[in-house]
Number of protein chains: 2
Amino acid sequence: MRPTSAQVAKLAGVSRTTVSFVLNNVEKSGISNATREKVLAAAAQLGYEPNAAAQSLASGSSATIGLVLPDIHHLYVDSFLSRVVASVSEEVRRHDMKLLIETVDRGDTFGYQRLAKNGRIDGMIVVNPRENEYTVLAEINRDFMPLVAFGSRRRSQQTCAEFSTTSSDNFFNARLAVKHLIALGHKNIGHISFSSDSFTSVNSRERGWLAALEEHNLNARDIRESADLSAESGYHACLRLLSKKQSFSAIFAGNDTVAFGIIRALIDKGYRVPEDIAIVGYDDIPLAAYGAVPLTTIKTFPEEHGRMAVKTLLEHLKGISEPNHQKFDSHLVIRESCGARK
Amino acid sequence: MRPTSAQVAKLAGVSRTTVSFVLNNVEKSGISNATREKVLAAAAQLGYEPNAAAQSLASGSSATIGLVLPDIHHLYVDSFLSRVVASVSEEVRRHDMKLLIETVDRGDTFGYQRLAKNGRIDGMIVVNPRENEYTVLAEINRDFMPLVAFGSRRRSQQTCAEFSTTSSDNFFNARLAVKHLIALGHKNIGHISFSSDSFTSVNSRERGWLAALEEHNLNARDIRESADLSAESGYHACLRLLSKKQSFSAIFAGNDTVAFGIIRALIDKGYRVPEDIAIVGYDDIPLAAYGAVPLTTIKTFPEEHGRMAVKTLLEHLKGISEPNHQKFDSHLVIRESCGARK
DNA sequence: CTGAAAGCGCTTACAG
DNA sequence: CTGAAAGCGCTTACAG
């Protein structure tokens with residue numbers, strides 16, 4: 001049905017070997033220009049496209065990379081992850097490779113192994129691995145294929161060295177955000193996290209919040225609630241926080257999407273932002289400047305970050321095998337929700 | 001290196017045929033339970049995972065579907081598309097298939113054909129095809145693999161019947177949104193579109209806006225600007241609209257993200273929303289209720305829509321070949337930005 | 001109920 | 001500079 005390399009070879013009057021050499025630009029094969037032209041013309045005439053499965057089987061590589069997402073629900077509600085997917089997709093494509101999107105359930109060790117063994121992909125990028133997954137990932141990197149963990153670096157140096165990571169320093173940035181609030185005079189600063197703290201990134205931001213408080217001898221350990229990625233969950237978490245009757249004058253939100261919900265809850269309850277309660281978010285999502293109160297937030301760079309993960313992976317695929325740890329700088333973007341202005 | 005079916009066969013003391021039958025649950029093969037157990041045990045012991053390329057080459061199908069996105073940049077700024085990706089991913093996975101993400105450049109006919117011929121995927125879902133791509137898509141559906149167009153139905157019945165589509169009625173819904181504004185007494189209702197009108201969906205919403213105006217003998221043809229998906233572009237489009245010095249009391253925004261930018265621009269220029277200028281958006285993105293002014297908008301169902309596209313495609317893959325056209329209902333969600341309340 | 005064997009469409013030493 | 005042939009790891013009629 002679809003033309004095969006044999007048909008191209010026949011039409012061009014050469015062997016399949018030659019067709020393969022020409023189409024794959026094998027340097028050392030020394031194909032004459034005349035032969036090359038004939039092959040190319042024949043392939044074009046037949047509309048020939050190599051069968052990827054056959055190529056993969058024969059060559060042992062699939063020219064595909066896998067992007068493993070922690071939980072597909074994240075994509076529904078938060079824009080950070082979609083920007084990662086977009087940039088990874090773009091970068092993969094720029095290198096003439098394909099992108100397979102995978103989800104692995106919470107702690108499903110076999111899921112990772114299946115993916116590593118079935119030969120569909122040559123390498124994988126794992127977004128926001130959970131604390132209990134590092135062991136499997138290290139095994140995969142050692143035994144099967146290069147792997148880059150995106151978005152979090154574990155505290156333990158030792159485990160971390162086992163595969164490459166690209167991360168921004170969630171701990172440092174969260175601490176920075178909270179210190180900004182402290183510098184503005186806030187003493188009671190709550191925190192609403194954006195997901196389960198089994199995710200390293202969630203966990204690190206929470207630790208950053210606590211660290212900033214401790215450095216300034218503040219205690220706000222109990223002014224804390226968990227949301228679950230969506231603005232709606234942030235809204236409800238904020239209501240729960242308010243119902244505790246603890247006093248606080250600022251909230252550090254685990255991410256911007258949640259911050260949107262928090263701000264709406266505060267407004268609905270008659271608080272002014274930032275006059276009564278100040279807010280700092282995290283991520284600088286595209287809508288951050290366009291909400292009810294333009295959001296002061298930690299700007300992250302998911303696109304650059306995604307591209308870097310792909311580049312690192314491709315280097316490993318080319319044979320550079322020393323794991324490395326890329327760090328991304330972030331910085332505070334000051335808008336109105338923190339009260340530093342006006 | 002990785003175990004093969006031959007090794008499993010050897011360990012279980014059976015032939016590779018039997019291994020294949022057991023692992024693929026071939027019904028009519030009548031494998032005895034004892035044999036089945038032996039094979040399963042051997043496979044588990046070796047950690048056997050079938051090689052996907054070999055399976056694909058031998059069986060002629062890849063158990064993978066391709067999701068073709070119109071322009072990866074959409075993922076960066078607008079949440080609609082990411083919700084589609086998420087739901088498609090989830091549904092594909094539910095059916096034990098894999099998802100390949102593809103981008104095809106504007107009008108790149110060969111890109112589609114390459115994808116259709118290289119054997120990586122068994123079928124494709126094309127999100128928001130452009131007007132000039134329908135011919136290639138019809139060819140692919142006829143000659144290579146089932147294809148479902150997501151998100152738009154072409155006006156011409158004839159072309160449309162050539163492959164399945166799932167769509168919501170952008171024209172109808174846009175018209176509904178604008179009629180809502182008219183019912184509230186607005187006479188001069190502008191429109192800011194969210195992308196190039198080479199996309200059927202963009203085009204249809206604009207036509208819906210015009211149709212509503214015409215039905216009520218209103219003319220606002222010139223109160224129109226184009227944005228480009230982001231809130232920021234909506235902000236600037238709104239500034240351009242304001243600088244025209246035409247009078248208008250309402251704007252129909254091509255999507256919610258753009259509406260966020262529009263509202264911010266109006267507030268910055270001293271207008272009150274909805275008192276001075278009313279806004280209706282489109283999509284009901286997760287943040288729609290959490291912006292500066294809770295947004296009245298057309299609620300769409302990208303998740304259900306994505307799942308339906310997958311289901312339709314899978315039916316075609318099973319042999320049901322009659323193209324069908326799924327329609328998704330939408331409805332107006334009334335919040336505050338239109339001024340119907342308070 | 002099970003196995004020997006052909007074949008899927010490529011790549012890649014190897015030989016000349 | 002080019003070709004014959006083995007082999008990648010599966011599936012699937014076919015034979016028994």
Side-chain angles (χ1 to χ4, degrees), chain A residues 1-40 42-43 46-64 114 116-122 144, chain B residues 1-40 42-43 46-64 114 116-122 144:
Chain A
M1 205 184 92
R2 297 173 198 169
T4 67
S5 72
Q7 292 174 44
V8 176
K10 192 172 168 201
L11 183 60
V14 299
S15 73
R16 286 154 70 212
T17 306
T18 304
V19 171
S20 175
F21 284 171
V22 170
L23 263 34
N24 293 315
N25 284 311
V26 177
E27 297 289 327
K28 60 188 176 195
S29 65
I31 301 284
S32 71
N33 247 321
T35 309
R36 165 181 308 277
E37 294 302 332
K38 273 193 303 188
V39 171
L40 258 22
L46 294 173
Y48 172 68
E49 189 64 28
N51 178 295
Q55 282 188 136
S56 172
L57 186 57
S59 73
S61 88
S62 61
T64 303
R114 245 175 282 133
K117 288 179 181 175
N118 70 19
R120 279 176 213 271
I121 59 177
D122 292 343
F144 298 108
Chain B
M1 203 181 92
R2 296 171 198 170
T4 67
S5 72
Q7 293 175 43
V8 176
K10 194 174 169 196
L11 182 60
V14 299
S15 74
R16 288 155 67 213
T17 305
T18 305
V19 171
S20 174
F21 283 171
V22 171
L23 264 34
N24 294 315
N25 284 311
V26 177
E27 298 290 325
K28 58 186 179 194
S29 64
I31 301 284
S32 71
N33 247 323
T35 309
R36 166 182 307 277
E37 294 302 332
K38 275 194 302 187
V39 171
L40 258 21
L46 295 173
Y48 172 68
E49 189 63 29
N51 178 295
Q55 284 189 133
S56 172
L57 186 57
S59 73
S61 87
S62 61
T64 303
R114 246 176 280 134
K117 288 179 181 176
N118 69 21
R120 280 178 212 269
I121 59 177
D122 292 343
F144 298 107

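Chain identifiers are assigned alphabetically (A, B, ...) following the order of the sequence lines, protein sequences preceding nucleic acid strands; residue numbering begins at 1 within each chain.
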Between B:S59 and C:dC8, is there a side-chain N or O to OP1/OP2 distance below 4.0 Å?
no
Without decimals, in angstroms, what is the distance between B:L57 CG and C:dT11 P?
12 Å
Please report the distance, rounded to the nearest Å, between NZ in B:K38 and C1' in C:dC1.
12 Å
DNA chain C: B:S15 or A:T17, which has the more 5' nearest nucleotide?
B:S15
Expressed as a whole number of angstroms, how long is the span from A:N33:CG to D:dC1:P?
10 Å
Nucleotide D:dG9, atom P - distance to CD of B:E49 in whole Å:
15 Å
Stems involving DNA chain D, each a run of at least 3 consecutive Watson-Crick or G-U pairs under 3.5 Å
C:1-3 with D:14-16, C:5-12 with D:5-12, C:14-16 with D:1-3
Quick check on DNA chain C: between B:V14 and A:P50, whose nearest nucleotide comes earlier from the 5' end?
B:V14
Return the value, rounded to whole Å, for the distance between atom CD of A:Q55 and atom C1' of C:dT12.
13 Å
Scan A:S5 against the nucleic acid and name what it touches under 4.0 Å (heavy atoms): base, sugar-phosphate only, or nothing.
sugar-phosphate
For B:S62 versus B:D122, what's the shortest heavy-atom pair and its separation?
N-OD1, 2.8 Å
Nearest 0.5 Å, please: how far is NZ in A:K117 from CZ in B:R2?
9.0 Å
Could you state the CZ-P distance from B:F21 to D:dT12, rounded to the nearest angstrom?
8 Å
Determine whether A:V19 and A:L23 satisfy the following criterion, side-chain contact (heavy atoms from CB on, under 4.5 Å), listing intermediate values before the conclusion.
CA-CA 6 Å; A:V19 171; A:L23 263 34; 3.9 Å; yes
What integer distance in Å separates B:R120:CZ from C:dC8:C1'?
17 Å
Classify the nucleic acid contact of A:T18 as base, sugar-phosphate or nothing, counting any heavy atom under 4.0 Å across all strands shown.
sugar-phosphate
Side-chain atoms of A:A58 come closest, of C:dC10, D:dT11, D:dC10, to C:dC10
Using modelled atom types only, decide if a donor and an acceptor are shared between the side chain of A:T18 and the backbone of A:V14 within a distance under 3.5 Å.
no
B:S56 side chain to B:A52 main-chain N or O, any donor-acceptor pair under 3.5 Å?
no
Look at the side-chain N and O atoms of B:N51 and state whether any lies under 4.0 Å from the OP1 or OP2 oxygen of D:dC8.
no
Round to a whole Å and report the spacing from CZ of A:R16 to C1' of D:dC8.
13 Å
Can you say whether a donor on the side chain of A:S20 sits under 3.5 Å from an acceptor on the base of C:dT12, or the other way round?
no
Regarding D:dT2, can its base be found pairing with the side chain of A:T35 as donor and acceptor, where the two atoms are less than 3.5 Å apart?
no
Hey, does the side chain of A:N24 reach the backbone of A:V26 with a donor-acceptor pair shorter than 3.5 angstrom?
no
Can you tell me how far NZ of A:K10 sits from OG1 of A:T4, rounded to the nearest 0.5 angstrom?
10.0 Å
